[in-house]
Engineer: 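Mind looking over this structure? Questions follow.
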Amino acid sequence: MTSVTTSQLDTSITETNLPEAQFDNFFALFEQPVQFELIQNQLDQRLRQLQKHYHPDNVAKNSTEANVAKSLQQAEQASAIINQAYQTLSRADSRAGYLLDMAGQAQTLENSIADLEFLEDAMDLRIDLDEAIDSKDKSTLQQLHPQIADRLSTQAMYFNQAYTSQDWQTAIDATQKLKFLVKLDADITIALDNLADSHQTDDDLYV
């Protein structure tokens, strides 16, 4: 699942405070236990530490003139992995998929969802959401948001229980559903933010 691999990093990256091996494991990189339930504030704090460590100014300051270009390139590659790791661990669907990948159980993740009842409910939510976004219906969006959040919470619970008990098929099913619901949640959050920004802009016109 990693688009930037440690094989792309020169071994001299280990001159930093982070061993190269940690780049192979997003949980280790962010100093988190290998489990589904994580604390977002801890991820945010670790991200700031890593970004500061691999900031070009910091890397250049600690490099000799002869190898500064190489060190900056390595730092750029490391930063790409760090950002990918943060995005992966921050989202429920990608975190679940990454855990399944680590367990060697991600082969069928891209298959279609087999639960027709879930699909019908999810498609109804998608239609209602798209209509509310198109009409800028804030009231409907606010009603839909907790409904989607509840379904997300339920599937996250199902995944966590299945992953812990190594019930891989149930974990895969929950991950597939999480992907759909996370997209809905992201879309509705963006829509509400856009409406809030639009309202603020309108208010500023009358100041």
Engineer: Applying the 4.5 Å side-chain criterion to the ILVMFWY set and letting contacts propagate, would Met157 and Leu184 be lumped into a single cluster?
Structural biologist: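 Unlinked, Met157 and Leu184 end up in two clusters.
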
Engineer: Step by step, would you call Lys179 with Glu110 a side chain to side chain contact (heavy atoms under 4.5 Å, CB included)?
Structural biologist: CA-CA 10 Å; Lys179 287 184 177 182; Glu110 299 306 317; 3.1 Å; yes

Engineer: So, does Gln105 use its side chain to make a donor-acceptor pair with the main chain of Asp101 at under 3.5 Å?
Structural biologist: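 Checking the backbone N and O of Asp101 against the side chain of Gln105, no donor-acceptor pair under 3.5 Å is found.
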
Engineer: Could you state the interatomic distance from CG (Leu89) to CD (Gln84), rounded to the nearest 0.5 Å?
Structural biologist: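 If I round to the nearest 0.5 Å, the distance is 10.0 Å.
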
Engineer: Please name the pair of heavy atoms, one in Leu141 and one in Ala132, separated by the smallest distance, quoted to 0.1 Å.
Structural biologist: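 Minimum heavy-atom contact is CD2-CB, 3.7 Å.
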
Engineer: Give me the atom names and distance for the closest heavy-atom approach of Gln107 to Gly104.
Structural biologist: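 Answer, listing the atom of Gln107 first, then Gly104: NE2-O, 3.0 Å.
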
Engineer: Please report the interatomic distance CG(Asp187) to CG(Asp130), rounded to the nearest 0.5 Å.
Structural biologist: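 Between atom CG of Asp187 and atom CG of Asp130 there are 7.5 Å.
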
Engineer: Please check if Leu192 and Ile190 belong to a single hydrophobic cluster, counting links between Ile, Leu, Val, Met, Phe, Trp and Tyr side chain heavy atoms closer than 4.5 Å.
Structural biologist: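 No, Leu192 does not connect to Ile190 through the hydrophobic network.
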
Engineer: For the pair Gln32 (side chain) and Leu43 (backbone), establish whether a donor and an acceptor sit closer than 3.5 Å, ignoring hydrogens and angles.
Structural biologist: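 Here the side-chain-to-backbone pair does not exist.
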
Engineer: Using a 6.0 Å cut-off, check whether atom CD of Glu37 has over 12 heavy atoms from anything other than its own residue.
Structural biologist: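 Atom CD in Glu37 is not packed in, count stays at 12 or less.
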
Engineer: Quick one: are Tyr98 and Phe27 in side-chain contact, heavy atoms under 4.5 Å?
Structural biologist: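 Tyr98 vs Phe27: side chains touch.
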
Engineer: Walk me through whether Asp121 and Arg151 qualify under salt bridge (charged side-chain N to carboxylate O under 4.0 Å, His left out).
Structural biologist: CA-CA 10 Å; Asp121 176 64; Arg151 288 163 173 77; 2.6 Å; yes

Engineer: State, to 0.1 Å, how close Tyr163 and Leu99 come at their nearest heavy-atom pair, and which atoms those are.
Structural biologist: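 Minimum heavy-atom contact is OH-CD2, 3.5 Å.
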
Engineer: Would you check, one step at a time, whether the test salt bridge (charged side-chain N to carboxylate O under 4.0 Å, His left out) holds for Arg126 with Glu131?
Structural biologist: CA-CA 9 Å; Arg126 167 52 70 185; Glu131 289 178 351; over 6 Å; no

Engineer: Nearest heavy-atom pair of Ala92 and Phe36: which atoms, and what distance?
Structural biologist: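 Residues Ala92 and Phe36, closest heavy atoms: O-CE1, 3.4 Å.
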
Engineer: When you measure from the side chain of Asn160 to the backbone of Ala156, do you find a donor-acceptor pair of N or O atoms at a distance under 3.5 Å?
Structural biologist: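 Checked: no pair found.
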
Engineer: Without hydrogens or angle criteria, can the side chains of Gln87 and Asn83 be said to hold a donor-acceptor pair below 3.5 Å?
Structural biologist: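 Per modelled atom types, Gln87 and Asn83 side chains form no pair under 3.5 Å.
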
Engineer: Counting only heavy atoms not in Gln49, do more than 12 fall under 6.0 Å of its CD?
Structural biologist: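 Yes, enclosed.
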
Engineer: Which atom pair, heavy atoms only, marks the closest approach of Gln155 to Leu181?
Structural biologist: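 Closest approach of Gln155 to Leu181, heavy atoms only: CG-CD1, 3.7 Å.
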
Engineer: So does Ala149 get a backbone contact from the side chain of Ser153, meaning a donor-acceptor N/O pair under 3.5 Å?
Structural biologist: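 No.
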
Engineer: Donor-acceptor check, side chain of Ser165 to backbone of Ala162, threshold 3.5 angstrom: yes or no?
Structural biologist: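 Yes; judged by distance alone, with no hydrogens or angles, the pair exists.
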
Engineer: Taking all non-hydrogen atoms of both residues, which atom of Thr189 and which atom of Asp185 are closest, and how far apart?
Structural biologist: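 So the minimum-distance heavy-atom pair works out to OG1-O, 2.8 Å.
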
Engineer: Evaluate the side chain to side chain contact (heavy atoms under 4.5 Å, CB included) criterion for residues Asp115 and Gln176: first the C-alpha distance (whole Å), next the side-chain angles of each, then the deciding distance (0.1 Å), finally the verdict.
Structural biologist: CA-CA 10 Å; Asp115 187 340; Gln176 292 172 325; over 6 Å; no

Engineer: Without swapping roles, check the side chain of Arg46 against the backbone of Phe30 for a donor-acceptor pair under 3.5 Å.
Structural biologist: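 Between the backbone of Phe30 and the side chain of Arg46 there is no qualifying donor-acceptor contact (under 3.5 Å).
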
Engineer: Kindly work out whether a path of hydrophobic side-chain contacts (I/L/V/M/F/W/Y, heavy atoms less than 4.5 Å apart) joins Leu116 to Met123.
Structural biologist: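 Yes.
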
Engineer: Nearest 0.5 Å please: distance from the OG1 atom of Thr108 over to the CD1 atom of Ile172.
Structural biologist: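 These two atoms lie 3.5 Å from each other.
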
Engineer: Starting at CD of Gln142, measure out to CD1 of Ile188 and round the result to the nearest 0.5 Å.
Structural biologist: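 Output value for this atom pair is 9.0 Å.
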
Engineer: Go through Leu125 and Gln147 one step at a time and tell me if the side chain to side chain contact (heavy atoms under 4.5 Å, CB included) criterion holds.
Structural biologist: CA-CA 9 Å; Leu125 284 172; Gln147 295 178 38; 3.9 Å; yes

Engineer: Test side chain to side chain contact (heavy atoms under 4.5 Å, CB included) on Ile81 and Gln77; report intermediate values, then the result.
Structural biologist: CA-CA 7 Å; Ile81 296 177; Gln77 292 170 343; 5.9 Å; no

Engineer: For Tyr158, does the OH atom sit with more than 12 other heavy atoms under 6.0 Å from it, leaving out its own atoms?
Structural biologist: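 Not buried by this count: 12 neighbours or fewer within 6.0 Å.
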
Engineer: To the nearest 0.5 Å, tell me how far Leu129 CG sits from Ile133 CD1.
Structural biologist: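 Those atoms lie 4.0 Å apart.
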
Engineer: Does the side chain of Ser90 come under 3.5 Å of the side chain of Gln40 through a donor N or O and an acceptor N or O?
Structural biologist: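 Side chains of Ser90 and Gln40: pair found under 3.5 Å.
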
Engineer: Determine whether Leu29 and Asp24 make a side-chain contact, defined as any pair of heavy atoms from C-beta on separated by less than 4.5 Å.
Structural biologist: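 No; the side chains remain at least 4.5 Å from each other.
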
Engineer: When you group the ILVMFWY residues by side-chain heavy-atom contacts below 4.5 Å and let the links chain together, are Val34 and Ile82 in the same group?
Structural biologist: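 Same cluster: Ile82 reaches Val34 through Ile, Leu, Val, Met, Phe, Trp or Tyr contacts under 4.5 Å.
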
Engineer: Consider side-chain contact (heavy atoms from CB on, under 4.5 Å). Of Leu38, Asp44, Ile39, which one does Gln42 pass it with?
Structural biologist: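 The option that passes is Ile39.
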
Engineer: Just verifying a value: how many Å separate Leu100 CG and Trp168 CH2, rounded to the nearest 0.5 Å?
Structural biologist: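 Nearest 0.5 Å value for the CG-CH2 distance: 6.5 Å.
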
Engineer: For the residue pair Thr154 and Phe159, establish whether any side-chain heavy-atom pair is separated by less than 4.5 Å.
Structural biologist: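 Side-chain contact under 4.5 Å: no.
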
